[in-house]
There are 2 protein chains.
Amino acid sequence: MRPRSSRRSRAGNTIADVAREAGVSLMTVSRVMNGKANVREETRERVEAAIKALNYSPSAAARNLAAASEVRIGLLYSNPSAGYLNEFLVGSLDQASRANVQLVVQLCENKEDRAEIVRRLIDGGVDGLILPPPLCDADDIHQLLQEAEVPAVVVASGRPPVFLSSVNIDDRAAAAAMTLHLVKLGHKRIGFISGNPDQTASALRLYGYLDALGEAGQVSDPALVVEGLFTYRSGLDAAQQLLALEERPTAIFASNDDMAAAVVSVAHRMGLDVPGDLTVVGFDDAPQATTTWPELTTIRQPIADMSRAAVIQLVEDIRTSRDGRRLAPRHAQMTFELIQRESDAAPAA
Amino acid sequence: MRPRSSRRSRAGNTIADVAREAGVSLMTVSRVMNGKANVREETRERVEAAIKALNYSPSAAARNLAAASEVRIGLLYSNPSAGYLNEFLVGSLDQASRANVQLVVQLCENKEDRAEIVRRLIDGGVDGLILPPPLCDADDIHQLLQEAEVPAVVVASGRPPVFLSSVNIDDRAAAAAMTLHLVKLGHKRIGFISGNPDQTASALRLYGYLDALGEAGQVSDPALVVEGLFTYRSGLDAAQQLLALEERPTAIFASNDDMAAAVVSVAHRMGLDVPGDLTVVGFDDAPQATTTWPELTTIRQPIADMSRAAVIQLVEDIRTSRDGRRLAPRHAQMTFELIQRESDAAPAA
DNA sequence: TGCTTCGATGATAGCGCTATCTCTGATGAG
DNA sequence: CTCATCAGAGATAGCGCTATCATCGAAGCA
C-alpha cells in the first residue's frame, strides 16, 4: 500500500526541508527563526543559509496553532477623515502581519449599536481592541472593555483611561509649537479653530495655543477662538466668523487640516491671498494638506508609527493577561513634527 | 506524573468539547460546521445546539492547517489618492477575514524595484495578487505574474490583460453618462480634463466624453480637452489653461475628484462662482468630493464592493489553480452611479 | 580524576481541525 | 434468506510548527 497521498498544498517548503538542508533538527531551525538565544553562531548561519536557499517562509497557521498563541485583535473605527484612517490601517496591517496576529477591522458608525458591536467582537473571539479617534474617547466602550477585562489600546486620545494602554503625541506641546511658530513670524492676532469638543485632543490643542500665547506675552482675545467640529463644513463656518471680525486675525490656526483647507477656501472667496493676506495652518498632515493650494503648513503626526505601536502594545497586553499576570497599561508618546509648506508668512505690513 | 500542563491558551472551547456536549464524534461536529451532506437532521440539530450552548467558534489557524488550504493574498498598492485606497482596503480586509484568507498589504512606490517586490512576495508564499490602480496597468508586473503562473486580479483597469481576472466599472459609459448630464443641463462648451495617460482608464473616460458629445450632435473642440495626471496640481494647471481660453467653457468635467477640486479652487481665485458661472464635475466620489465647497457632482464607483469582488475572484482563481485545473480569468463589471451634488447647474444665460 | 554544571542540540508530543478510511446497521435485489 | 449497497457515524492520521524534556559533550571544580 503506497502512503496515502499527501495533503500538502503549499508549494513552499516546510521546516523539515530546511532542517534537512542545513543538517540540523527541526527545533534548531525553529530556534533560529524565532531568534532564540541558545544557538551557536555557526549553526545559526548554516540554518539561515538553508532558509535563504530554499526560500522558506513559515506557515502562519501552523505557528499560531503550535504556539497556542493565536491572537486576534479588533480595530474599531468610525468615520475619521479618510486620510487618517488610511494611514492608520496601513500601519496596523503591516505590524499585524509582522507579529502574526489577525486583524479584524470593524466599522462602527452610530452610537446606538456600539455596545452591541463591541460585545459581538469579544464574543467572536477578539482578544483585544484598538481604538483610533474618535472612538478612542468613547467612555461607554471603555466601560465595556473594563468589565469584560479585555485589553485595548486607545490612540490619540487626549485623556486616555488609566486602565487602558495608549499611544499619543503631545497634542498640547504640538499646538504650542505651531502657535509659537506663528508668533515668531510676527503675528499678533492669531485666530484658533478648535476641534470637536467630544474629542479630548481638542482641548489639549486649545491649551497648547493658549500656552504659547501666554509664553509670548500676548493677550488672548476670546473672540479669536472659535469652536469647530473637525469637519470641513464646520471649518467653513468658523472661518467666516473669524474673517468677519472687525479686527481680523492675520493668521488662523485650525485644529486639523480639513478645517484649515476650509479656511483657505473661504479666504479665497473673500479675495484674500494666502499667505499674503492671511496665514493658515493646520494639524495632522492629512492628505488634504497637500491637495489644496497653497499646500498647508501643519503638524505631522506619525500616524502609521502610532498604529504600529498600538498593535505592538496590544499584543503585549494580551499576552500578559493570558499569562494571568496583572495588566499594566502603558502610555506611550510619539514625537510630532512641524512641517512648513507654503501657507504661512509674516503678516503684511 | 501528572499530565504535562496543557498548552492551550484560547479561552474558547474546542471541537472536542462540542462533540462531548452533543454526544457525537469530532467528525460529526466538523461535518455540521462545514455543511457537509451526510448528517441526519436530528444529529445536526443536536450539534448546532451544542455549538450555541458553548459559544464555540473554530480556530482559523487549525482549520487552515488541517485543510491545507491556507491562502495568502497580496495587495500591492502604490500611491493612489488616499480616499480610494482607504475604501479599497476596508472592502478587501472585510472580505479577506470573511473568507479566512490572510491579506498581505504591500507598498510599492518606485517603478525600479517593482519586479523585486513582486518576486519577493511570490517567493514569500503569496498565492495571488490584487492590483488596484495605478498598478493595475503595470505591464511589467503582469508579465512577471504570467511567467510565475501566479493568479491575480486587476481592479479598475481600462484594458485588463486577458490572462488575469479583472473587476471594473464601465468607465466609458460612466463618462458618457456624466457628459450627457451636462449636455442636458444645457451646456454647449464642456471642457474635459483627462487622466494620467499611463492609466488605461483615462482613455476610456475621454472616449466616453467624446461618445456623448457625438451622440448629442455637438462638435468637440480640441482646445477643450486638456491632459491632466489625476493629481491636484495637474488639475490646477489644466483648469488655468481651460479658463484662460478666449471662449471659456461653461462646464468642466475632470477625470477625477482631485482635479475637479483643483478646478473649483482656480475658479474661485478667478472670481468665478461655482456653479453659477462654471459647472464643475468629477469622477470617483472620493472624500475630496465632499470636503470642498460646493460639494462635487461626480460618478460614484463602488470601490469597496469592487475590492471585495476582487478578493472573492482571486481566492477562486487560486483554488482553481491549486487543483491543477486551468485558470479561466473572468472579467466582472460593477455598476456606477451618477451622484448629483451642488457643483453643477444650467449655464448662465 | 571523578563529578557536577551548563550550553547546544535532538526527540517527542501535541496545538485544533479535516481528509480519509473503517465500521455498522438498514435496505433491497436475487 | 443471503449478500452487495449505502447512508450515517466513528477512528485515525496527519497539517507544520513549537514547548518541553532528554541527551550529550565540554568545561569547571575540588
Side-chain angles (χ1 to χ4, degrees), chain A residues 1-20 22-47 51 54 56-72 100 125 319 322-323, chain B residues 1-20 22-47 51 54 56-72 100 102 125 322-323:
Chain A
M1 198 173 75
R2 71 166 177 65
R4 71 185 53 187
S5 73
S6 162
R7 277 157 54 192
R8 287 188 51 193
S9 72
R10 293 198 351 128
N13 298 298
T14 77
I15 198 174
D17 300 318
V18 178
R20 203 175 315 115
V24 297
S25 73
L26 299 186
M27 267 323 292
T28 304
V29 177
S30 173
R31 288 191 181 102
V32 170
M33 285 196 321
N34 293 289
K36 297 288 170 73
N38 306 337
V39 181
R40 221 186 332 157
E41 191 50 39
E42 183 215 316
T43 316
R44 175 183 308 279
E45 276 163 18
R46 202 140 41 92
V47 172
I51 290 178
L54 295 178
Y56 166 77
S57 97
S59 148
R63 264 179 130 159
N64 274 330
L65 191 53
S69 69
E70 195 174 6
V71 172
R72 216 182 316 176
N100 200 12
R319 298 214 201 279
R322 271 193 186 166
D323 291 355
Chain B
M1 196 173 75
R2 72 166 175 63
R4 70 184 54 185
S5 73
S6 162
R7 276 156 57 191
R8 285 189 50 193
S9 72
R10 293 194 355 126
N13 298 298
T14 77
I15 199 171
D17 300 319
V18 177
R20 202 175 314 113
V24 297
S25 73
L26 299 184
M27 268 322 292
T28 303
V29 177
S30 173
R31 287 191 183 104
V32 170
M33 285 196 321
N34 293 289
K36 296 289 170 75
N38 307 335
V39 181
R40 223 186 326 159
E41 191 51 37
E42 184 214 315
T43 316
R44 177 183 307 278
E45 276 163 18
R46 202 140 41 90
V47 172
I51 289 177
L54 294 178
Y56 166 77
S57 95
S59 147
R63 262 178 131 158
N64 273 331
L65 191 53
S69 69
E70 194 175 7
V71 173
R72 215 183 315 177
N100 201 11
Q102 199 188 336
R322 270 192 189 168
D323 291 356

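What you see is a predicted model; the values in this text were computed from it and never measured.
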Interatomic distance, A/Leu26 CG vs C/dA8 P [rounded to whole Å]: 20 Å
Candidate nucleotides C/dT9, D/dG8, D/dG16, ranked by approach to the side chain of B/Leu65 - the nearest: D/dG16
Nearest-neighbour nucleotide for the B/Thr14 side chain, D/dA9, C/dT18, C/dG16 considered: C/dG16
Residue-phosphate contact under 4.0 Å: A/Asn34 side-chain N/O, D/dT18 OP1/OP2: yes
Listed nucleotide nearest any side-chain atom of A/Ala62, set C/dT18, C/dA11, D/dG16: D/dG16
Distance in angstrom units between B/Arg20 CZ and D/dG10 C1', rounded: 16 Å
Considering all heavy atoms, the nearest A/Met33-A/Arg63 contact: O-NH2, 4.3 Å
Quiz item: B/Arg31 side-chain donor-acceptor pair to D/dG10 base, under 3.5 Å: yes
Nearest-Å distance for atom pair CG/C1', residues B/Asn38 and C/dC21: 14 Å
Listed nucleotide nearest any side-chain atom of B/Met27, set C/dT9, C/dT20, D/dC17: C/dT20
Flag for A/Arg20-A/Asn13: side-chain donor and acceptor within less than 3.5 Å: no
Proximal nucleotide (of C/dT9, C/dT18, D/dA9) relative to the A/Thr28 side chain: C/dT9
Integer-rounded Å distance: D/dA9 C1' and B/Glu41 CD: 16 Å
Pair A/Arg72, A/Asn64: side-chain N/O donor-acceptor within cut-off below 3.5 Å: no
C/dA19 phosphate, OP1 or OP2, under 4.0 Å from B/Lys36 side-chain N/O: yes
Distance below 4.0 Å between B/Arg63 side-chain N/O and C/dT18 OP1 or OP2: yes
Where B/Val47 and B/Val29 come nearest, the two heavy atoms and their spacing: CG1-CA, 4.0 Å
Between C1' of D/dG16 and CG of B/Asn64, the distance in whole Å: 12 Å
Closest heavy-atom pair and its distance - A/Arg31, A/Asn38: CD-O, 4.5 Å
Minimum-distance nucleotide to B/Ala66 side chain [options: D/dG16, D/dA9, C/dT18]: C/dT18
Side-chain N,O (B/Ser25) to OP1/OP2 (D/dG10) below 4.0 Å: yes
Residue B/Ser30, side-chain atoms from C-beta onward, closest of C/dT18, C/dC15, D/dG10: C/dT18
Distance in angstrom units between B/Arg44 CZ and D/dA7 P, rounded: 15 Å
Comparing B/Val29 and A/Thr43 on DNA chain C - which has the more 5′ nearest nucleotide: A/Thr43
Interatomic distance where CG belongs to A/Asn13 and C1' belongs to D/dC17 [whole Å]: 15 Å
